There are 2 protein chains.
Amino acid sequence: MKDVAQHAGVSTATVSRVLNGHAAPTPETRERVLAAIEELGYRPNALARSLRTTSTQTLGLVISDLLNPFFAEIARAVEDEARSHGYCVVIGNADENTEQEATYVRTLLDRRVDGLLLCPATDDPSLVREVSAGGVPVVLLDRTVRGATCPVVRADGSEALTALARRLVGAGHTRIGVIAGPPNTSTGRERTDVLTGSLGGLAQVVHGDFRQESGSQAAAKLLDDGATALVAMDNLMGLGALGEVRARGLQIPHDIAFAVFDDQPWFPLLDPPITVVAQPTVEMGRAAARSLLALINGQQPDDVKLTAKLVLRGSLGEAEL
Amino acid sequence: MKDVAQHAGVSTATVSRVLNGHAAPTPETRERVLAAIEELGYRPNALARSLRTTSTQTLGLVISDLLNPFFAEIARAVEDEARSHGYCVVIGNADENTEQEATYVRTLLDRRVDGLLLCPATDDPSLVREVSAGGVPVVLLDRTVRGATCPVVRADGSEALTALARRLVGAGHTRIGVIAGPPNTSTGRERTDVLTGSLGGLAQVVHGDFRQESGSQAAAKLLDDGATALVAMDNLMGLGALGEVRARGLQIPHDIAFAVFDDQPWFPLLDPPITVVAQPTVEMGRAAARSLLALINGQQPDDVKLTAKLVLRGSLGEAEL
DNA sequence: CATCCATGTGTAATCGATTAACTACGGCCT
DNA sequence: AGGCCGTAGTTAATCGATTACACATGGATG
């Protein structure tokens, strides 16, 4: 910057003013400065700027698992929305691991992100509290924590799950296997509670960890126990469960009814296409980013609850008639 | 930091030494400082530190499309490797868009990343040159650019594609539809060249843009032209093509042979499972991160070329016998 | 013609760390 | 005892920006 100033025959203050679009400098001075900048290929040091202004124009996003297309899509949406407001997003991948999650959150805070979007790995509120205590705006995304005091953005699948339950019961299924998420996550618990609630006593629940492998294992157990329908509570466990169903040579929907929470682009390609509860992923990501930006600007955004929809495609068999 | 110093009755210099594990401070002083840090909940400001030391312990990763599971997996691998060396990764999503790519690269440089991993959107070398000129270490990943002067890490699919071509030809296919990537990307061109080369004159090529929609369109065109086999050059175009095949009610492999470049976890679930050329994604990501770190440490890493493998699963029909 | 004000630019403090250069202290040797 | 040295710790410069405040200039005004 000093070089630019010298080159243009002005002081660094003037250069800074030109850079930041202040009113002061003469059009003529401005020209000279811009020319010098161009000539020297100067680019301002964002670190220095942020140090001085205490604003990094950066949001932190800590997600549970980057390999889960659901979160990848969320990340994408967050990024889009943030960029359109002149913010940048730094993504941290917690890998469904509390420790790694905490590490990432702290790293992001150390780098002074202006705000944090968090998809918490568990519903333990301590990490969120720690962040809030540090005075950094936080918004929770997809999952919440116990006694959360910050805005939360998530999808409500109750209606869709109730409808799903009704159809399964109506079709005469009496042993319905539910491949649930971890009980210490809000989504894991709530989805399962709603579904089992509306299934009366017909549900049999096995908990997985939102990953493919646990989906196969859970499916195996449930099939061994004579389940005639399977519902996986997230797309990765659904993938695992489908593998198990295939491996056993079972036909959907003839031998077994099948549904998944979370839509994926390839579900319609299966034969039959898979019935799902589809979440408005992109809207969730965008809404979360908007809430966080509002919070950063001193507003108090409300919680956002978007509704998930049941998409019938054929994998439930007669239940869909 | 000043507060900590005061609290511990020492100067900021001493606090800094404790923080950075210098030899100087007495165990006793160290104790006091650590106690003060603990008590005040002090966390060093990474911006200030980086400004002073000109090192951010951060790598930039600009990928073509975060929604493409291939790149998501790469990102994940890069991040793992980087973390294990004490580095953090900032991901930028270029969306297969040159302008956005350039914007991201500049943003990352402005933030003074220690090095940059780039999956270039096109093979135009100007952006890479710009970065190199700025003295920032760069490594290219998956794709290269014309006349690249920096290390490149990628997968070589020649062998697998040749084998694939041999089988298709052997099975008597004479109209083989190739859904190619954009000709201005190295992977788009090379894969297609190898495949069409080994297919003699039997190949018919339609170029897509590495996205789902273009895959359906290309497939439609090729099927209209009477193709009896389809090969998609990346998983998203494969997804689109499969959709088109399904929509037309064609049976794989009976009506049409099908193969995709890039494996995906759900390919084995289709009926029949899809034959693919599988790239060693994780190894690519890790290798690229390692190369970049080496470059940052002043070494001159060689290019890395990993080999992709043909995985036969049944979607080629008699070609696989 | 002196005074005042507006306007454009420069000077220097500041953000929060690191680190070279210096000081103070105590022990050891002759 | 005096000189020397090693060591723990302090002072202050520095990284590259922003910005409050001071200053200079020129035109308008009484």
Side-chain angles (χ1 to χ4, degrees), chain A residues 1-37 40-58 86 88 106-114 134-136, chain B residues 1-37 40-58 86 88 106-114 134-136:
Chain A
M1 183 155 156
K2 235 183 294 178
D3 293 348
V4 173
Q6 209 153 24
H7 218 79
V10 298
S11 73
T12 60
T14 303
V15 176
S16 173
R17 292 202 183 97
V18 170
L19 243 46
N20 295 292
H22 275 242
T26 299
E28 172 193 347
T29 325
R30 181 181 306 272
E31 267 322 302
R32 259 195 333 209
V33 171
L34 289 176
I37 287 178
L40 299 178
Y42 163 79
R43 303 236 73 205
N45 183 322
L47 295 175
R49 188 205 295 266
S50 295
L51 177 60
R52 186 61 237 256
T53 61
T54 63
S55 138
T56 50
Q57 296 292 101
T58 302
C88 200
R106 298 210 180 92
T107 308
L108 291 173
L109 295 186
D110 286 354
R111 296 178 187 222
R112 298 304 190 263
V113 291
D114 293 341
V136 177
Chain B
M1 184 155 156
K2 234 184 295 178
D3 294 347
V4 173
Q6 207 154 24
H7 219 79
V10 297
S11 74
T12 61
T14 304
V15 175
S16 174
R17 294 210 181 90
V18 170
L19 243 47
N20 295 293
H22 275 244
T26 301
E28 171 193 348
T29 323
R30 180 180 305 271
E31 268 321 304
R32 262 195 331 210
V33 171
L34 290 176
I37 287 177
L40 298 178
Y42 164 80
R43 303 236 73 204
N45 183 321
L47 296 175
R49 189 205 295 266
S50 295
L51 177 60
R52 186 61 237 252
T53 60
T54 62
S55 137
T56 50
Q57 297 292 101
T58 302
C88 200
R106 298 210 182 93
T107 308
L108 291 173
L109 295 186
D110 286 353
R111 296 178 185 222
R112 300 300 190 263
V113 293
D114 292 342
V136 177

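Just so we're on the same page: letters track the sequence lines, and every chain starts at 1. Keep in mind that what you see is a predicted model, and the values were worked out from it rather than measured. These numbers come from the heavy atoms of this one structure, side chains and all, not from hydrogens, waters or symmetry mates.
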Would you kindly say whether A:Thr58 and B:Arg111 are connected by a side-chain donor-acceptor distance under 3.5 Å? yes

Just the rounded figure in Å: distance from P of C:dA17 to CD of B:Gln57. 17 Å

Reckon A:Thr26 touches a base, only the sugar-phosphate, or nothing at all at heavy-atom distances under 4.0 Å? sugar-phosphate

Run the side chain to side chain contact (heavy atoms under 4.5 Å, CB included) check on A:His7 and A:Leu40 step by step: do they pass? CA-CA 9 Å; A:His7 218 79; A:Leu40 299 178; 4.1 Å; yes

If you check every side-chain atom of A:Asn45, which of C:dG16, D:dA17, D:dA8 has the closest atom? D:dA17

Looking only at side-chain atoms of A:Thr29, point me to the closest of D:dA8, D:dA13, C:dG8. C:dG8

Rounded distance [0.5 Å steps], OG1 in B:Thr12 versus CZ in B:Arg17: 9.0 Å

Whole-Å gap separating C1' (D:dT19) and CG (A:Leu19): 14 Å

So which one's nearest nucleotide on DNA chain D is more toward 5', B:Arg112 or B:Thr12? B:Thr12

When rounded to whole Å, the NE2 to P distance for the pair A:His22 and C:dG8 reads 14 Å

Taking atom C1' of D:dA17 as reference, at what distance in whole Å does atom CG of A:Asn20 sit? 9 Å

If you check every side-chain atom of B:Tyr42, which of D:dA8, C:dA17, D:dA17 has the closest atom? C:dA17

Quick one: B:Leu51 CG to C:dG16 P, roughly how many Å, whole number? 12 Å

Check: A:Arg17 side chain, C:dG10 base, donor-acceptor under 3.5 Å: yes

Quick check: does any side chain N or O of A:Asn20 sit under 3.5 Å from a backbone N or O of A:His22, one acting as donor and the other as acceptor? no

Less than 4.5 Å apart, any side-chain heavy atom of B:Val10 and any of B:Arg32? yes

Nearest-angstrom distance from the residue atom CZ of A:Arg52 to P of D:dT19: 7 Å

Under 3.5 Å, is there an N or O donor on one side and an acceptor on the other linking the side chain of B:Arg49 and the base of C:dT18? no

Between B:Ala13 and B:Ala48, name the one whose nearest nucleotide on DNA chain D is closer to the 5' end. B:Ala13

Minimum-distance nucleotide to B:Thr53 side chain [options: C:dA17, C:dT18, D:dT18]: C:dT18

Roughly how many Å is it from CE in A:Met1 to C1' in C:dA12, rounded to a whole number? 13 Å

What is the nucleic acid contact for A:Val10, judged by heavy atoms within less than 4.0 Å: base, sugar-phosphate only, or nothing? sugar-phosphate

Could you tell me the separation between the CD atom of A:Gln6 and the P atom of D:dG16, rounded to a whole number of Å? 14 Å

Are OP1 or OP2 of D:dA17 and a side-chain N or O of A:Ser50 less than 4.0 angstrom apart? no

By nearest-nucleotide position on DNA chain C, the 5'-leaning member of B:Thr14 and B:Leu47 is B:Leu47

